Chemist: 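My structure is below; once you've seen it, I'll send some questions.
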Amino acid sequence: MNAREAEIVVGVDGSEQSLAALHWAAREAHRRGAPLHVVTAYSVPMVGGSTFDVGYAAFDDAAMNRAVQELVDDARRRVAELDVDVRSTVEAGDPSGVLVELSRDAQLLVLGSRGRGGLIGRLLGSVSTAVPAHAHCPVGIIPLQWGTEYRLHENVSRHGAFVDGVTVGSDGSERASAAMLWAAEEAEQLGVPLTVVCAAPSESGSSVWLPSPVDFDDLRGQVQNALAASVEWLRGHFPDLDVTGVLADGSPIHVLVERSAQNQLVVTGTRGRGGFTGMLLGSTSQGVLHNCVGPAMIVPCFEDPRLEDRPDLGI
């Protein structure tokens with residue numbers, strides 16, 4: 001099956017955040033012509049002293065099953081107006097493990113950011129933190145306000161001019177290059193420009209970045225050259241795509257979160273250590289998904305023949 005024909009999986013727990021993710025995922029499924037799989041996964045408390053409102057002794061498995069099924073049925077009703085093939089399942093088990101397993105055959109996995117507070121939100125806990133690092137497909141993290149038609153109205157007035165494009169973070173590593181390829185495909189499908197951003201420290205206020213004295217002008221020059229080579233490599237594979245490289249000053253998390261307020265999608269790779277200075281991505285994907293203002297996509301490294309001719313950046 002073509003990757004773009006595979007289903008889009010969205011996890012719901014009844015919270016507003018997860019329902020926002022549901023609406024975003026349904027619109028993506030409609031745009032891509034892909035089926036949508038709505039999933040609720042929960043685990044039953046196994047020991048006494050549970051922090052649930054009802055104690056373990058009073059736990060009613062049948063009542064929980066009914067409540068969860070009602071949650072899933074409600075989720076399906078919420079996206080019924082879209083012309084999307086929707087199926088839903090209720091899975092008993094660790095939510096993170098269930099979603100990671102489903103990601104093996106999905107083209108995209110979608111979660112709400114900080115999806116606590118719903119009917120079984122306490123059971124989902126930190127799924128949006130745990131899943132992206134282990135998923136087998138890209139994971140979309142959708143903030144509450146972007147699950148509605150809000151994004152092109154209040155988002156513009158609160159965060160400045162909206163730029164209809166995709167941004168991808170890069171540190172020159174192979175994982176970042178894989179994310180760049182995926183982001184370029186998304187931008188091409190959307191018909192919008194792509195910006196490749198690398199964040200590097202300047203001399204002022206950079207003592208927290210590096211443990212030893214560094215020639216910052218030389219460092220930034222090396223990074224700028226490597227970024228330019230990466231952008232040219234990407235343009236070679238996407239000749240009709242408008243691709244721009246930007247060397248930003250500061251923390252990569254801050255830079256990408258700021259871009260998420262103005263772009264329709266921000267993309268990072270997972271565990272991108274080993275790049276220009278060995279720290280530019282690092283835990284950036286975690287920082288971005290916790291603080292993103294707009295949709296963020298975390299892309300795992302994948303095998304792709306186009307990676308074989310990526311430039312040798314000496315990394």
Side-chain angles (χ1 to χ4, degrees), residues 4 8 20-21 23-25 27-32 107-108 110 113 138-143 145-172 175-200 223-224 227-269 272 280-281 284-285 287-289 291-299 306:
R4 288 187 174 270
I8 293 176
H23 285 287
W24 189 90
R27 292 200 298 271
E28 276 297 290
H30 179 76
R31 179 176 72 84
R32 296 166 182 249
Q107 66 165 290
L108 185 63
V110 182
S113 60
V139 178
I141 304 297
I142 313 303
Q145 63 269 26
W146 277 63
T148 66
E149 294 304 321
Y150 162 102
R151 69 182 183 93
L152 292 181
H153 300 288
E154 292 116 55
N155 210 47
V156 173
S157 61
R158 291 176 62 184
H159 298 286
F162 179 82
V163 180
D164 195 13
V166 174
T167 289
V168 58
S170 174
D171 69 352
R175 291 179 181 274
S177 297
M180 287 169 60
L181 289 173
W182 193 91
E185 290 179 351
E186 283 299 292
E188 195 168 64
Q189 289 286 326
L190 290 166
V192 298
L194 174 68
T195 302
V196 181
V197 173
C198 179
V223 173
Q224 182 68 70
L227 176 61
S230 295
V231 168
E232 284 305 309
W233 164 75
L234 196 61
R235 287 171 177 162
H237 290 289
F238 297 88
D240 298 324
L241 180 63
D242 180 2
V243 184
T244 304
V246 173
L247 176 59
D249 180 14
S251 156
I253 295 175
H254 174 78
V255 169
L256 291 175
V257 167
E258 188 175 66
R259 300 285 302 200
S260 78
Q262 300 173 349
N263 282 191
Q264 60 177 289
L265 184 64
V266 165
V267 181
T268 73
L280 295 181
L281 279 184
T284 295
S285 58
V288 171
L289 70 86
N291 297 283
C292 60
V293 179
M297 200 70 66
I298 314 302
V299 179
R306 293 172 295 186

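In this text, all values refer to a predicted model and were calculated from it rather than measured experimentally.
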Chemist: If you measure from CD on Glu186 to CD on Gln264, what distance do you get to the nearest 0.5 Å?
Modeler: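 Interatomic distance, Glu186 CD to Gln264 CD, rounded to 0.5 Å: 9.5 Å.
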Chemist: Any side-chain heavy-atom pair from Val166 and Thr195 closer than 4.5 angstrom?
Modeler: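 A side-chain contact under 4.5 Å is absent here.
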Chemist: Just verifying a value: how many Å separate Leu194 CG and Thr244 OG1, rounded to the nearest 0.5 Å?
Modeler: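 Here the rounded value is 8.0 Å.
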Chemist: Identify the heavy atoms of Ala176 and Gly169 that sit nearest to each other, and give their distance.
Modeler: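 Closest approach of Ala176 to Gly169: CB-O, 4.3 Å.
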Chemist: To the nearest 0.5 angstrom, please state how far the NE2 atom of His254 sits from the CG atom of Asp249.
Modeler: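 Going from NE2 on His254 over to CG on Asp249, the span is 9.5 Å.
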Chemist: Working to the nearest 0.5 Å, report the span between OG1 of Thr167 and CG of Leu265.
Modeler: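 The distance works out to 8.5 Å.
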Chemist: Work out which heavy atom in Ala248 is nearest to a heavy atom in Val197; give both atom names and the distance.
Modeler: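 Closest heavy-atom pair between Ala248 and Val197: CB-CG1, 4.3 Å.
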Chemist: Show the numbers, then the answer: is there a side-chain contact (heavy atoms from CB on, under 4.5 Å) between Leu181 and Phe238?
Modeler: CA-CA 9 Å; Leu181 289 173; Phe238 297 88; 3.9 Å; yes
Chemist: Let me see the working for Met297 and Val139 under side-chain contact (heavy atoms from CB on, under 4.5 Å), right down to the final yes or no.
Modeler: CA-CA 6 Å; Met297 200 70 66; Val139 178; 5.8 Å; no
Chemist: To the nearest 0.5 angstrom, please state how far the CD atom of Gln224 sits from the SG atom of Cys198.
Modeler: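 Between Gln224 CD and Cys198 SG, I get 9.0 Å after rounding to 0.5 Å.
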Chemist: How far apart are the closest heavy atoms of Pro143 and Pro295, and which atoms are they?
Modeler: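 Taking every non-hydrogen atom into account, CD-N, 3.9 Å.
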Chemist: Once you round to the nearest 0.5 Å, how far does CD1 of Ile253 lie from SG of Cys292?
Modeler: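 Result: 12.0 Å between the selected atoms.
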Chemist: Can you tell whether the side chains of Glu188 and Arg235 come within less than 4.0 Å, N to carboxylate O?
Modeler: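 A salt bridge is absent here (no side-chain N lies under 4.0 Å from a carboxylate O).
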Chemist: With a 4.0 Å cut-off, would you call Arg32 and Glu185 a salt bridge?
Modeler: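 Not counted as a salt bridge, because no side-chain N and carboxylate O are separated by less than 4.0 Å.
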Chemist: Of the non-hydrogen atoms in Ile142 and Ala21, which two are nearest, and what is the gap between them?
Modeler: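 The answer is CB-CA, 4.1 Å.
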Chemist: Checking side-chain contact (heavy atoms from CB on, under 4.5 Å) for the pair Val223/Leu247: CA distance, chi angles, key distance, verdict?
Modeler: CA-CA 8 Å; Val223 173; Leu247 176 59; 3.6 Å; yes
Chemist: What heavy-atom pair brings Gly165 and Asn263 nearest, and what distance separates the two atoms?
Modeler: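 The answer is O-CB, 3.4 Å.
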Chemist: Carefully, step by step, assess Thr268 and Val168 under the rule side-chain contact (heavy atoms from CB on, under 4.5 Å).
Modeler: CA-CA 6 Å; Thr268 73; Val168 58; over 6 Å; no
Chemist: Please determine whether the number of non-hydrogen atoms from other residues, nucleotides or ligands lying under 6.0 Å from atom NE2 of His30 exceeds 12.
Modeler: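 No.
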Chemist: Taking all atoms of both residues into account, what is the closest heavy-atom pair of Val266 and Arg259, and its distance?
Modeler: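 Closest pair (atom of Val266, atom of Arg259, distance): CG2-C, 3.9 Å.
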